[in-house]
> 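Can you keep this structure in mind? I'll have questions shortly.
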Protein chains: 2
Amino acid sequence: MVFKKRRVKLEDIARKLNISIATVSRALDKNPRVKKSTQEKVFKTAEEMGYMPNQIAKSLSSGKTNIIGVLIPRYDEPFFIEVCRGIDQYARNHNYKILISSSRNSYQFEKENLISFEKGLVDGIILSPTHETENVAHLNDLTSKGMPMVLFDNIREEVSGADHVMIDDIKSSFNAVEFLIKKGRKKIAFIGGIKQKKVFQDRFTGYKSALNKYKIPFHEELVLHCNSLDREFEDREILDFFKHLTTSPDAVFTCTDNYGLLAMKTLLKTEKKIPEEVAVIGFGDLGLGEVFVPTLTCVSQPSFEMGQKAAELLIKQLNEPEDILHKKTVVKLETKLTQREST
Amino acid sequence: MVFKKRRVKLEDIARKLNISIATVSRALDKNPRVKKSTQEKVFKTAEEMGYMPNQIAKSLSSGKTNIIGVLIPRYDEPFFIEVCRGIDQYARNHNYKILISSSRNSYQFEKENLISFEKGLVDGIILSPTHETENVAHLNDLTSKGMPMVLFDNIREEVSGADHVMIDDIKSSFNAVEFLIKKGRKKIAFIGGIKQKKVFQDRFTGYKSALNKYKIPFHEELVLHCNSLDREFEDREILDFFKHLTTSPDAVFTCTDNYGLLAMKTLLKTEKKIPEEVAVIGFGDLGLGEVFVPTLTCVSQPSFEMGQKAAELLIKQLNEPEDILHKKTVVKLETKLTQREST
DNA sequence: TATAATAATACAAACGTTTGTATTATTATT
DNA sequence: AATAATAATACAAACGTTTGTATTATTATA
């Protein structure tokens, strides 16, 4: 066959059966306004002719696309992928698809992506703002135009029209550090991420407040805020950090799994025994921790559930009547400490 | 503001300026049929009124959505994510967005996803069929209906209307095994994946033909085809495999990075020295290899480029005239062996 | 058997664009 | 100043659905 087939449409079925398009449409919807025998004829003919509804036309007519836009800062971060899986699962079960875009850690790209979402392709948006995002006017604008939105991970409290899904970062990191302290560790290093991200700020706060509670002096020297966005440079930052330490820590608390692994790797190179001499705890628990020897104790973050919850909140918004103002919901999910060989 | 704003449309601009919708539409397109001064008025008013074009209406009218559907077997496989990144990058630069779905390794879900793509939401499809996919009629059906399609990874040669992007798995694994042989290794174990996937079959073929070329006897005992789809069970399979070996291998060639790591982990537990006693090579090279101690030598697969190439081929198809039959293109990308500490 | 009630279907507008053709306004040509 | 050429714009159909209202066909009621 050389020519591409013209798609079969309702009109074709209608013409073939000598009935109106409206009746065909309603028949396929099993609308009781059309009688059983007609419905059956329509279904049979639609099948025979290979009818496939046109989603675009449906969307235009109904004003709904049943697509959720998801905007993450990067693809190559298992955490975000895991959240997307959670979103996808919940969305799929509720007849929504997801359209994932990456802002590539850029405020500019974030805005561009949101504009493209705004063009009516998506019914609502789930996003994790980039660390570059200082001004959140573009988000507030969008919600005030009536675009349902849910923020997760790097949430911004100033965004008033969107729901928030997060974990209690302060508490989680407090617990992890407290755990180390209770194991008798006193010189606990902290390796965090980009300072502009609220999650990393909070994890740092939790670290400090645990030290504080147990009257353990805080040493600026034991703290590293990784600023690299690129995997390659993280390596080097962490290597340098340990190389320049004047006192050797007896524990390291890191804000991601990957930092935890890199820390262990560096420590092992300097012949440190893990966990005897140095205990290490990572954050996230997305599979990496179990691969390494020794396995890495982690704060287990419910990433998948985070996605599910975000999708749930968004779909709830989508079902709210259009004429009422949305009331912001904030959901905090629980983390737990998964103990492995590194502690 | 309590009520959601009604979206501004071309008609609103037209009414405000007392001109026709068509002129507004053309003005915004910078169509020379409308004079400069009118164009400027229209742009200004559109800006003032906060006009945002409706993508759905555009799509219905133009018959194009500028969306590429991507169907992968699973999200939690860095290889697929990396391919998606490649697709996304190329697509974005050519004014396409991507809609990613997962078939969750199920033939049934694969079909369902394709049906949903067929409903007109996407202009073309890039997919990696699941290992469960025996009958490819659904793929041939779709291409013969005129849906542009590109297959990657687990390609199926029977699909005649789609382009293929792949690596030379036979050659790549042959080279890796030959490398081990040239290093003097004689008892080389093979750890492959699901037997139904062509990539794994080919990598096994390459392994055997390297042994054959160098007259090294093939031992069934040294071969494992991992059948687990779940990360947790892979662990166990590989553990069992090594436990039950009667002769100890002096090298292991594995078909994924993860198998390579698991193999190393298991070997280290039995006090084997890597690479002195056992050399290990993985396949893929998606970051994991560099984290572990020792670092893992890998066949580096150009995943990102694979995605780019797939997107390039698809977009080329999309630009072909509708009335000619597409001629199948097959692209084979080069791999290279990245040497690290494990060999 | 005429009329009312209801079932079944048809008609037509709407969703927001694009685009071919028709029309009107402007400028150039004589 | 009348006409031709062209520039600028308006009109209307099309994309494939959905859905409110109008119409016709069927059955029930008297």
Side-chain angles (χ1 to χ4, degrees), chain A residues 4-43 45-46 49-67 116 118-123 146 322, chain B residues 4-43 45-46 49-67 116 118-123 146 322:
Chain A
K4 297 189 180 177
K5 285 180 196 155
R6 202 176 94 338
R7 276 177 83 106
V8 175
K9 49 189 176 177
L10 293 184
E11 194 188 339
D12 300 314
I13 302 177
R15 182 159 322 125
K16 182 153 210 168
L17 292 175
N18 238 306
I19 58 181
S20 75
I21 296 176
T23 299
V24 176
S25 171
R26 290 193 168 100
L28 290 172
D29 266 4
K30 292 207 185 9
N31 185 318
R33 272 176 60 172
V34 350
K35 73 176 167 201
K36 259 283 173 312
S37 65
T38 310
Q39 285 191 22
E40 282 158 13
K41 269 194 307 184
V42 170
F43 268 95
T45 311
M49 300 179 78
Y51 172 72
M52 195 59 79
N54 181 321
Q55 190 55 46
I56 298 296
K58 277 191 167 172
S59 293
L60 182 61
S61 186
S62 68
K64 286 204 57 171
T65 61
N66 278 68
I67 298 179
S116 112
E118 195 186 347
K119 292 185 182 170
L121 211 71
V122 304
D123 293 340
E322 297 240 325
Chain B
K4 297 191 180 178
K5 285 179 195 155
R6 199 177 97 335
R7 276 178 85 105
V8 175
K9 49 187 176 178
L10 293 184
E11 193 188 339
D12 300 313
I13 303 177
R15 184 163 317 129
K16 183 154 209 166
L17 293 174
N18 237 304
I19 57 180
S20 75
I21 296 176
T23 299
V24 176
S25 171
R26 290 192 169 100
L28 290 172
D29 267 3
K30 294 206 187 2
N31 186 317
R33 272 176 60 173
V34 355
K35 73 175 166 201
K36 257 283 170 322
S37 65
T38 310
Q39 284 190 23
E40 282 159 13
K41 269 194 308 185
V42 170
F43 268 95
T45 311
M49 300 179 78
Y51 172 71
M52 195 60 78
N54 180 320
Q55 191 55 47
I56 297 296
K58 278 190 167 174
S59 293
L60 182 62
S61 186
S62 68
K64 287 204 56 170
T65 60
N66 278 68
I67 298 179
S116 115
E118 196 186 346
K119 292 185 183 172
L121 211 72
V122 303
D123 293 340
E322 296 238 328

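Naming: A, B, ... by sequence-line order, numbering from 1 per chain. Atom set for the values below is all heavy atoms of this structure, side chains included, hydrogens, waters and symmetry mates excluded.
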> CG of D12(A) versus C1' of dC15(D): gap in Å, rounded?
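Taking CG of D12(A) and C1' of dC15(D), I get 13 Å after rounding.
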> Closest to the Y51(A) side chain: dT17(D), dT19(C), dA8(C)?
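Closest of the options to the side chain of Y51(A): dT17(D).
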> Counting the atoms with a prime plus P, OP1 and OP2 as sugar-phosphate, which does N18(B) contact under 4.0 Å by heavy atoms, base, sugar-phosphate, or nothing?
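If one applies the 4.0 Å heavy-atom cut-off, N18(B) turns out to touch the sugar-phosphate alone, with no base involved.
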> Please report the interatomic distance CG(L28(B)) to NZ(K30(B)), rounded to the nearest 0.5 Å.
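L28(B) atom CG to K30(B) atom NZ measures 8.5 Å (nearest 0.5 Å).
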> For a quick test of reading the model: is some side-chain N or O of S62(B) closer than 4.0 Å to OP1 or OP2 of dT18(C)?
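It does not, given that no N or O in the side chain of S62(B) lies less than 4.0 Å from OP1 or OP2 of dT18(C).
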> In whole angstroms, how far is the P atom of dT19(D) from the CG atom of N31(A)?
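These atoms are roughly 9 Å apart.
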> What nucleic acid atoms does I19(A) come within less than 4.0 Å of, heavy atoms only: base, sugar-phosphate, or nothing?
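Answer is sugar-phosphate: I19(A) comes under 4.0 Å of backbone atoms only.
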> Reckon S61(B) has a side-chain N or O less than 4.0 Å from the OP1 or OP2 of dT17(C)?
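Negative; the distance criterion is not met.
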> For DNA chain D, whose closest nucleotide is more 5', that of R33(A) or that of V8(A)?
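First, find each residue's nearest nucleotide; the 5'-ward one identifies V8(A).
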> Taking CG from L28(B) and P from dG16(C), how many angstroms apart are they, rounded to a whole number?
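It is 16 Å, rounded to the nearest whole Å.
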> Indicate yes or no: at least one non-hydrogen side-chain atom of I19(A) is less than 4.5 angstrom from one of V42(A).
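A side-chain contact under 4.5 Å exists here.
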> Examine dT17(D): is either OP1 or OP2 under 4.0 Å from a nitrogen or oxygen in the side chain of K58(A)? Give yes or no.
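Looking at the OP1 and OP2 atoms of dT17(D), neither is under 4.0 Å from any side-chain N or O of K58(A).
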> Would you say dA10(C) has OP1 or OP2 under 4.0 Å from some side-chain N or O of T23(A)?
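It does, given that an N or O in the side chain of T23(A) lies less than 4.0 Å from OP1 or OP2 of dA10(C).
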> Restricting to non-hydrogen atoms, name the atom on V34(B) and the atom on T38(B) that form the minimum distance, rounded to 0.1 Å.
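Minimum heavy-atom separation between V34(B) and T38(B): CG2-CB, 4.0 Å.
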> Is the distance from OP1 or OP2 of dT18(C) to the nearest side-chain N or O of S25(B) less than 4.0 Å?
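For dT18(C), OP1 or OP2 has a side-chain N or O of S25(B) closer than 4.0 Å.
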> Rounded to the nearest Å, what distance is computed from the NZ atom of residue K119(A) to the C1' atom of nucleotide dG16(C)?
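Atom NZ in K119(A) sits about 15 Å away from atom C1' in dG16(C).
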> Hey, what are the protein-to-nucleotides 23-26 of chain C N/O distances that come in under 3.5 Å?
none

> In this structure, how many angstroms lie between the P atom of dT19(D) and the CD1 atom of I21(A), rounded?
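Going from I21(A) (CD1) to dT19(D) (P), I get 15 Å.
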> To the nearest Å, how far apart are N66(A) CG and dT18(D) P?
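That distance rounds to 13 Å.
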> Passes side-chain contact (heavy atoms from CB on, under 4.5 Å), L10(B) versus Y51(B)? Steps please.
CA-CA 8 Å; L10(B) 293 184; Y51(B) 172 71; 3.4 Å; yes
> Please figure out whether V34(B) or M52(A) has its closest DNA chain D nucleotide nearer the 5' end.
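The residue whose closest nucleotide sits nearer the 5' end is V34(B).
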> Would you say that D12(B) contacts R6(B) through its side chain, given a criterion of any heavy-atom pair below 4.5 Å between the two side chains?
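D12(B) reaches R6(B) side chain to side chain.
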> What integer distance in Å separates E11(B):CD from dA14(C):C1'?
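These atoms are roughly 11 Å apart.
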> I'd like to know if E40(A) pairs up with K36(A) as an ion pair, taking the criterion as any Lys NZ or Arg NE/NH1/NH2 lying under 4.0 Å from an Asp or Glu carboxylate oxygen.
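Salt bridge: no.
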> Taking only side-chain nitrogens and oxygens of T38(A), does any of them come within less than 4.0 Å of OP1 or OP2 of dA8(C)?
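So the side-chain polar atoms of T38(A) never come under 4.0 Å of the phosphate oxygens OP1 or OP2 of dA8(C).
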> Over how many whole Å does the gap from I13(A) atom CD1 to dG16(D) atom C1' extend?
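Taking CD1 of I13(A) and C1' of dG16(D), I get 12 Å after rounding.
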> For the helix from dT1(C)-dA30(D) to dT30(C)-dA1(D), how many degrees between its two end axes (five pairs per end), to the nearest 10°?
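Overall, the helix from dT1(C)-dA30(D) to dT30(C)-dA1(D) bends by 60° from one end axis to the other.
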